[in-house]
Amino acid sequence: MLWNMPVDMHKNVSVQVDSDFALLLPSGVYEIKKMEPRSKIRTIIVFCLFLAIAGIIGFGYFCQDQVCALSKRAVILQSSDMLAYNELQPAAASLHQSSGSSGSSNNNNIGTSISAKSAAPQNIIANAGLSYEDVLNDDFQFDMDGHDVMVFLHIQKTGGTSFGRHLVRDLDLKRPCECQRQRKRCYCFRPHRNENWLFSRYSTGWKCGLHADWTELTSCVDVELDKNEGETAKRRYFYISLLREPISRYMSEYRHVRRGATWKGSRHWCLGRQATAAELPPCYKGKDWLDVDLDEFAGCESNLAANRQTRMLADLALVGCYNKSSMPTHERDRVMLASAKRNLAAMAYFGLTEYQKMSQYIFEETFNLRFAIPFEQHNTTISAAAVQNLRPDQRRRIEKLNSLDVELYAFAKNLLFQRFEHLKAKDANFEQRFANLGNIFYKQGVTEFNWDSNIEDALSTDH
């Protein structure tokens, strides 16, 4: 696919993109044509190639792995997912097509989001954390005594409240987190110094905003930790998250909001600003949406409950943030879904609420950490029962509203099983390990670990 864009009076840029997915991980061939003699052009090109090759070799051999923009981590995040997940390829070329066929206002908006990502891709990649491929290395170790930080991306109504509590209360650690009574905060410090190894609601608080998403966290975590610790450090970030079957999750959020919960404190920050009231108009008047009817809840077009998991895992800068006029709806959806899949696949860890024991095993094997209690699995929840009671037309409507999440969840489920089988094959003591998850003879968990019992809890507004 080829686009010709005038740069000025004397040169023209031709951009060839090898695949649609190349938009999300910028690559391609760039040819600059000038109105000058060919010999001079050839000399300049040879000189530039020499400098580029010398620079790559220099950075690759003499820079620390986590410092240079062209470090191993950056290369992995740029290339591994493109090779491994070809199904994402059709998602992004249409963004260029829409920029070429839409009006001038739309072009400017799309150009802003693309150029913003292209201008500083290395910074974004660095903040996105180490990938799962990094973690699979035989010599990998989550270095709690070094500068490793686990970042929990907490999506509403996925069981993250309970999981977050047990990250700070029930892991078997050299220096356990110190939790204060009557406060939703624990100090999760490194074994030999008072620095955070966990960035989450119960350890650092909502430093990047209430239920900050991928877009917000990747631009915020490093800055906030520097502020909190009073110094700049070169950290390795490991992003983790939980997902849940979309229809049950949506119904759980509906019931939560119907009881009076809101997330008014969420910033919805993207490309240096918050979403405007025009971009996210409120669905209700007053302080809450108490006793809202399901049809009214589903009927609000700006209700972020729909496809919440896809939106919170995607890089929203690729779709013009919350400005839905930046591109056609179907193109926006395709790019956002592709981005969410890519980011999920690159995460060091994610779990699924419906597969808790499997998720526990993957977490423990990934980070070489152990929970002192087993994850419990219950086949029914209040929201699951509510789903069964939906009218056929309501069920169809909710499935359509959450179609991106449905596809993302199917992708996540397949990926979770792949990771499980891979770790299982490497584990010579799998049968014993899997049968005794959470059983540590010298330590007992503080509380019974049950995600489901906490999925439905919450009258407070920040779950």
Side-chain angles (χ1 to χ4, degrees), residues 153-163 210-211 213-214 241-264 266 268 280-284 288-314 316 322 324 329 332-333 336-337 340-341 344 350-356 378-413 451-463:
L153 195 165
H154 182 176
I155 301 172
Q156 291 95 316
K157 314 314 295 178
T158 58
T161 296
S162 181
F163 182 70
L210 180 60
H211 285 285
D213 57 26
W214 189 94
S241 192
L242 299 177
L243 281 78
R244 185 182 180 189
E245 191 283 316
I247 309 306
S248 293
R249 196 218 64 82
Y250 183 87
M251 289 300 296
S252 183
E253 180 165 342
Y254 161 66
R255 295 181 67 257
H256 193 51
V257 171
R258 192 174 187 274
R259 293 193 296 261
T262 68
W263 290 286
K264 289 182 179 179
S266 297
H268 304 121
L280 284 179
C283 289
Y284 56 89
D288 56 43
W289 213 359
L290 189 67
D291 295 328
V292 60
D293 178 81
L294 178 59
D295 292 328
E296 182 184 354
F297 183 81
C300 178
E301 293 186 2
S302 57
N303 187 350
L304 294 179
N307 290 318
R308 180 179 289 281
Q309 296 176 107
T310 300
R311 177 183 59 80
M312 291 187 67
L313 289 171
L316 298 181
Y322 291 90
K324 293 184 178 180
T329 300
R332 175 185 176 85
D333 288 348
M336 191 161 61
L337 178 60
K341 287 181 177 181
L344 182 72
F350 71 88
L352 299 182
T353 306
E354 290 74 21
Y355 299 92
Q356 295 171 24
H378 293 278
N379 293 327
T380 60
T381 65
I382 298 174
S383 289
V387 171
Q388 297 299 319
N389 294 328
L390 290 172
R391 300 192 314 264
D393 63 307
Q394 289 178 321
R395 174 78 186 222
R396 288 192 298 270
R397 184 179 192 183
I398 292 172
E399 288 176 346
K400 184 176 180 180
L401 285 172
N402 292 278
S403 60
L404 302 183
D405 273 9
V406 170
E407 185 171 342
L408 177 66
Y409 184 82
F411 175 85
K413 182 178 176 180
W451 278 349
D452 291 314
S453 66
N454 286 280
I455 289 174
E456 305 299 342
D457 71 357
L459 282 175
S460 63
T461 60
D462 57 349
H463 282 199

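In this chain, residues are counted from 1 in sequence order.
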Legend entry - Full working for side chain to side chain contact (heavy atoms under 4.5 Å, CB included) between L304 and H268: CA-CA 11 Å; L304 294 179; H268 304 121; 3.3 Å; yes
Inset, instruction - Compare every heavy atom of A412 with every heavy atom of L344, then report the nearest pair and how far apart it is. - result: CD2-CB, 3.5 Å
Legend entry - Note, I155 side chain near R308 side chain (heavy atom, < 4.5 Å): yes
Legend entry - Donor-acceptor pair, side chain of Y254 and main chain of V292, under 3.5 angstrom: yes
Inset, instruction - Measure from the side-chain N and O atoms of T158 to the backbone N and O of L243, and report whether any donor-acceptor pair falls under 3.5 Å. - result: no
Inset, instruction - Answer yes or no: is there a side-chain heavy-atom contact under 4.5 Å between K324 and T329? - result: no
Legend entry - Check: G351 main-chain N/O paired with S241 side-chain donor or acceptor under 3.5 Å: no
Inset, instruction - Keeping the roles fixed (side chain from S248, backbone from E245), state whether a donor-acceptor pair exists under 3.5 Å. - result: no
Inset, instruction - Taking all non-hydrogen atoms of both residues into account, name the closest pair between L210 and S266 and its distance. - result: O-OG, 3.1 Å
Legend entry - W289 and T262, any side-chain heavy atoms less than 4.5 Å apart: no
Legend entry - Charged N-O contact under 4.0 Å between K341 and E407: yes
Inset, instruction - Considering non-hydrogen atoms only, spot the tightest contact between D405 and P246 and give its length. - result: O-CG, 3.3 Å
Legend entry - Aromatic ring proximity, centroids under 6.0 angstrom, W263 and H256: yes
Inset, instruction - Output yes when a side-chain donor or acceptor of D288 lies under 3.5 Å from a complementary backbone atom of A261, and no otherwise. - result: no
Legend entry - R244 side-chain N/O to K157 backbone N/O, donor-acceptor pair under 3.5 Å: yes
Legend entry - Heavy-atom closest contact (C283 atom, S302 atom, distance): SG-OG, 3.6 Å
Inset, instruction - Look only at the side chain of R249 and the backbone of Q156, and say whether a donor-acceptor pair between them is shorter than 3.5 Å. - result: yes
Legend entry - Closest contact, heavy atoms only, E253 versus A305: OE2-CB, 3.3 Å
Legend entry - Side chain proximity check, E296 to Y284, heavy atoms < 4.5 angstrom: no
Legend entry - N307 side chain to L404 backbone, donor-acceptor under 3.5 Å: yes
Inset, instruction - Determine the minimum heavy-atom distance between A386 and M251, stating which atoms define it. - result: CB-CE, 4.0 Å
Legend entry - side chain to side chain contact (heavy atoms under 4.5 Å, CB included) between I398 and V387, intermediate numbers included: CA-CA 10 Å; I398 292 172; V387 171; over 6 Å; no
Legend entry - E399/V406 under side chain to side chain contact (heavy atoms under 4.5 Å, CB included): CA gap, chis, key distance, verdict: CA-CA 8 Å; E399 288 176 346; V406 170; 5.5 Å; no
